[in-house]
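Structure first, commentary second.
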Amino acid sequence: MNPPEGHLSRQVAGAAFSIPSSLLQALRCARHVTVLTGSGISAESGVPTFRDAQTGLWSKFKPEELATRGAFQRNPKLVWEWYAWRRELVAQAEPNPGHLALVELERRVSGFTLITQNVDGLHQRAGSRDVVELHGNITRVKCFEEDQVVPTWQETDETPPLCPRCGGRLRPDVVWFGEMLPADAIDRAVAASQSCNVFLSIGTSTLVHPAAALPFEALQHKAMVVEINPCSTPLTTRAPYALRGAAGQVLPRLLQML
Ligand code: APR
């Protein structure tokens, strides 16, 4: 379903953007709304986006150099400590108005699927239910050998800690570069992208597949695709609406006008 003016990407510029009435109307009568979020929605919670420069002692590393099986096998202590630092960052962060607006949107619409590339768990802490986590969750750990989640673990002087079941090393329950996404998560995400009336792509650079393909899948299935991002991405010129702003400002405004 596209706005009357067709595919022309509608740049709604400025911080005090007026949300197009045709978009509000589409949301009001949507049978199913699907949302894809990236690290941009957590930026206003103080969690650096994935491609922000790393800070502090981690500034000399690129995430791509640490978030791999090979990096963990070469230096499990370094990789474990990087994730421990990020867990600490996330624990100190709070969900922001963008996360909270999505909880409200879920309440307002009849069908809703929230898909996230983020591993920070902030959507769940905001109150979103049934979040489809494409890339896992940094607050969970699993056994590197068994590839099974370990519900609780103790930090010991052994870094990384060892699996209480088999003695293998523990690793974060996140999807590393080169690893497969959880099959059930990607299947749900594709189905929700193909069957929705409105697809909101929020705070993602739309660079990393297969997540980056989801908004285009929605476009192909005649959904109204809306991008919410202060910057342009490969989706911007294809999305009928590109709301140029921060998620923590655009989303509450959208809910206010809905
Ligand atoms: N509101 C909305 N968008 C924002 C905000 C904000 N306040 N701040 C930044 N952004 C946008 C940036 O313009 C950028 O387009 O968020 C996007 C963040 O892009 P990335 O850092 O590439 O993060 P993401 O798209 O989530 O990365 C996808 O890549 O490396 C993998 O697994 C990693 O999940 C990650 C995936």
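Indexing begins at 1, ligand by ligand and atom by atom, following the structure's order.
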Numbered atoms of ligand 1 (with element) below 4.0 Å of Gly38, judged on heavy atoms: 26 (O)

Shortest non-hydrogen contact between Ala185 and Val132, atoms and distance: O-CG1, 3.4 Å

Linked, directly or transitively: Leu27 and Leu114 (ILVMFWY side chains, under 4.5 Å): yes

Criterion side-chain hydrogen bond (donor to acceptor under 3.5 Å, both in side chains) on Glu227 and Thr233, from CA distance to verdict: CA-CA 9 Å; Glu227 181 176 64; Thr233 76; 2.4 Å; yes

Subset of ligand 1 atoms that lie under 4.0 Å from at least one heavy atom of Gly203: 2 (C), 3 (N), 16 (O), 17 (C), 18 (C)

Partner set under salt bridge (Lys or Arg N to Asp or Glu O under 4.0 Å) for Asp187, not counting sequence neighbours: none

Interatomic spacing from CZ in Arg107 to CG in Leu255 - rounded to 0.5 Å: 10.0 Å

Check: Ser39 N/O within less than 3.5 Å of ligand 1 N/O: yes

From CG (Leu214) to CZ (Phe216), nearest 0.5 Å: 10.5 Å

Subset of ligand 1 atoms that lie under 4.0 Å from at least one heavy atom of Gln117: 28 (C), 34 (O), 36 (C)

Test item, Gly248 contacting ligand 1 (heavy atom, 4.0 angstrom): no

Only distances under 3.5 Å count here; give the side-chain donor-acceptor pairs of residues 174-182 to other protein atoms, sequence neighbours excluded, each with its distance to 0.1 Å.
| unit_1 | atom_1 | unit_2 | atom_2 | d |
| --- | --- | --- | --- | --- |
| Trp176 | NE1 | Tyr83 | OH | 2.8 |
| Glu179 | OE1 | Arg171 | NH2 | 3.1 |
| Glu179 | OE1 | Trp176 | N | 2.8 |
| Glu179 | OE2 | Arg69 | NH1 | 3.2 |
| Glu179 | OE2 | Arg171 | NH1 | 2.8 |

Closest contact, heavy atoms only, Leu134 versus Ala211: CD1-CB, 3.7 Å

Polar proximity ligand 1 side, Ala247 side, N/O cut 3.5 Å exclusive: yes

Numbered atoms and elements of ligand 1 in range of Glu44, under 4.0 angstrom, heavy atoms: 1 (N), 6 (C), 7 (N)

Whether Asn229 lies under 4.0 Å from ligand 1, heavy atom: yes

Ligand 1 atoms in contact with Phe177 (distance to a heavy atom under 4.0 Å): 30 (O)

Check: His135 N/O within less than 3.5 Å of ligand 1 N/O: yes

Per-residue contact class, Val208 against ligand 1 - non-hydrogen pairs under 4.0 Å: side chain

Sub-4.0 Å atoms of ligand 1 with respect to non-hydrogen atoms of Cys231: 13 (O)

Side-chain (Asn229) to main-chain (Gly203) donor-acceptor, under 3.5 angstrom: no

Part of Ala43 with heavy atoms under 4.0 Å of ligand 1, whether side chain, backbone, both or neither: side chain

